[in-house]
Amino acid sequence: MPELPEVETVARQLAPFVVGREVRSLSILDPRLRAERTPRVAGRTIEQVYRSGKRVLLEFSAPPRGGRPLALAVHLRMTGRLLWETDGTKSAHDHLRARFRLDGGELLFADTRRFGTFHWYASAADALPDGMEPLSPKLTTLKLGQLIGDSRQNIKTWLLRQDRLVGLGNIYASEILHRAAISPFRPAGSLAKDELKRLHASTRHTLRRAIENCGTTFSDFQDAQGVEGSYQQFLAVYDRDGETCRRCGDSIRRVVQQQRSTYHCPGCQV
DNA sequence: ATTATATCCTGATCGC
DNA sequence: TGCGATCAGGATATAA
């Protein structure tokens, strides 16, 4: 499911249901999620839920008898989902991997492919990612150029690097480049100033528009509250191999870069 | 220091 | 209807 807009949607939708609730117990059903020692969360209150990069951060209060606060970063990877339930219907989920029993409901983590991860931190500040948030005002065009430097990596692959920018994935990397009219094959460091400007503007525009539309949903099944993204109707190139480019009329092509699909229009991406 | 490959999993879909 | 190959919105460890 999740790149930045989808994870943002999950966090926004989940927060009102769980913030302020106390954790009664946590059951981790998939041992893979216990790669890190699991701290005691029972008795703590969920204080904040928000997105950071592609992760959902949950901040917990200090335990009632004193101690330090706690933060959990949930990475959904390919198929992770966070579900809120009050009626017991979702507990039978085929791929339930963890369950937080809260005061007044349950927060469930389901994950078909089991790539999702839990990372625990002593504080939210410790959970800060390496890369920059692409929508941060601190990311200027100049800064973007500095991050790219003289990298000879192709720009599409560069956009996926979470140690530079966080949150971009395979769909939005292709979409952003198409909007910026930049070929995915271009060495990142070869972009001229005006191209960097277009790339920056396209990144902001694409992500904002996707967030407004609650992200992109391909599968028909719904998430926690039945919120489905609608950005798929705006996709210009992704998953449109052989179809017509709405900008120049050329035929959109699927290519493989670093073992991953890239969609682009050879006619108008130079 | 980059960059390619293999790997972690399960399920849906495609071509024969 | 069955079967194998391929693909999937992610990221890392290891090899070259």
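Residue numbers begin at 1 in each chain, while the letters A, B, ... track the order of the sequences. Because only heavy atoms are used, hydrogens play no part in the values below, and waters and symmetry mates are left out as well, while side chains stay in.
Atom CG in A/D163 sits roughly 10 Å away from atom P in B/dT2 (whole-Å rounding). As a whole-Å value, the separation of A/D111 CG from C/dA8 P is 18 Å. Residue A/Q162 contributes atom CD, which lies 14 Å from atom P of C/dG9 at whole-angstrom precision. Per the geometry, CD1 belonging to A/I148 stands 15 Å off P belonging to B/dT2, to the nearest Å. C/dT12 atom C1' lies 11 Å from atom NE2 of A/H119, rounded to whole Å. Computed from coordinates, the A/N213 CG to C/dG9 C1' distance equals 16 Å when rounded to whole Å. One can place CG of A/L160 at 13 Å from P of C/dA8, the figure rounded to the nearest angstrom. Remark: P of C/dG10 and CD1 of A/I171 are 7 Å apart, rounded to the nearest angstrom.
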Show, in sequence, the C-alpha distance, side-chain angles and deciding distance for A/Q258 and A/N154, and conclude whether the side chain to side chain donor-acceptor pair (under 3.5 Å) test is met.
CA-CA 10 Å; A/Q258 277 67 48; A/N154 68 63; 3.1 Å; yes
Stepwise, does the side chain to side chain donor-acceptor pair (under 3.5 Å) test hold for A/T206 with A/E175?
CA-CA 7 Å; A/T206 302; A/E175 292 297 313; over 6 Å; no
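OP1 or OP2 of C/dG10 sits under 4.0 Å from a side-chain N or O of A/K54. Dashed line: the shortest gap from a side-chain N or O of A/H95 to OP1 or OP2 of B/dG11 is under 4.0 Å. A/Y238 has a side-chain polar atom (N or O) that falls below the 4.0 Å cut-off from OP1 or OP2 of C/dG9. Contact annotation: A/S261 reaches the phosphate of C/dA8 (side-chain N/O to OP1 or OP2, under 4.0 Å). For C/dA11, one of the phosphate oxygens OP1 or OP2 lies less than 4.0 angstrom from a side-chain nitrogen or oxygen of A/H75.
Spacing of P atoms, B/dA1 relative to C/dA11, comes out at 23 Å, to the nearest Å. Taking atom C1' on both nucleotides, C/dG9 is separated from B/dA4 by 23 Å, rounded to a whole Å. Of the P atoms belonging to B/dT10 and C/dT1, the separation is 26 Å, rounded to the nearest Å. One P atom belongs to C/dT14, the other to B/dC9, and the distance between them is 15 Å to the nearest Å.
Under the ring-ring contact (aromatic ring centres under 6.0 Å, His included) criterion, A/Y231 pairs with A/Y172, A/F234, not counting sequence neighbours. A/R179 pairs by the salt bridge (Lys or Arg N to Asp or Glu O under 4.0 Å) definition with nothing, not counting sequence neighbours. Residues satisfying the salt bridge (Lys or Arg N to Asp or Glu O under 4.0 Å) test with A/E106, not counting sequence neighbours, are A/R99, A/R101. Applying the salt bridge (Lys or Arg N to Asp or Glu O under 4.0 Å) rule to A/R24 yields the partners A/D103; only residues at least two apart in sequence or on another chain are considered.
Other members of the hydrophobic cluster containing A/Y50, listed by chain and number, are A/L57; membership follows side-chain contacts under 4.5 Å among ILVMFWY residues, whether direct or relayed. Grouped with A/F185 in one hydrophobic cluster are A/V255, the linkage being side-chain heavy-atom contacts under 4.5 Å among Ile, Leu, Val, Met, Phe, Trp and Tyr residues.
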Sugar-phosphate atoms are those with a prime plus P, OP1 and OP2; base atoms are the rest. Using that split, label each nucleotide of nucleotides 3-8 of chain B B, S or - for protein heavy atoms under 4.0 Å, 5' to 3'.
SSB--B
Side chains of residues 112-119 of chain A: which donor-acceptor pairs under 3.5 Å do they make with residues two or more places apart or in other chains?
unit_1: A/R114; atom_1: NE; unit_2: A/D30; atom_2: OD2; d: 3.0
unit_1: A/R114; atom_1: NH2; unit_2: A/D30; atom_2: OD1; d: 3.2
unit_1: A/H119; atom_1: NE2; unit_2: A/E36; atom_2: OE2; d: 3.4

Give every donor-acceptor pair under 3.5 Å between a side-chain atom in residues 208-215 of chain A and any protein atom, sequence neighbours left out.
unit_1: A/N213; atom_1: OD1; unit_2: A/S230; atom_2: OG; d: 3.2
unit_1: A/N213; atom_1: ND2; unit_2: A/R209; atom_2: O; d: 2.8

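Put simply, the side chain of A/W158 reaches to within 4.5 Å of the side chain of A/L147, judged on heavy atoms. Two residues are said to be in side-chain contact when any heavy atoms from C-beta on lie closer than 4.5 Å; A/L139 and A/E133 fail this criterion.
Atom-to-atom distance recorded for A/L207:CG and A/E3:CD is 8.5 Å, nearest 0.5 angstrom. Put simply, CD on A/Q146 and CG on A/L144 are 9.5 Å apart, with the number rounded to the nearest 0.5 Å.
Side-chain heavy atoms closer than 4.5 Å link hydrophobic residues (I, L, V, M, F, W, Y) into clusters, and following such links, possibly through other members, connects A/L14 to A/V23.
Proximity of residues 202-212 of chain A to DNA chain C (heavy atom under 4.0 angstrom from any strand atom) is not detected for any residue. Within residues 121-130 of chain A, no residue places a heavy atom under 4.0 Å from DNA chain C.
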Paired and unpaired positions of DNA chain C as dot-bracket, Watson-Crick or G-U wobble under 3.5 Å, | denoting a partner strand:
.|||||||.|||||||
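Backbone-only contact: A/R254 has heavy atoms under 4.0 Å from sugar-phosphate atoms and none from a base.
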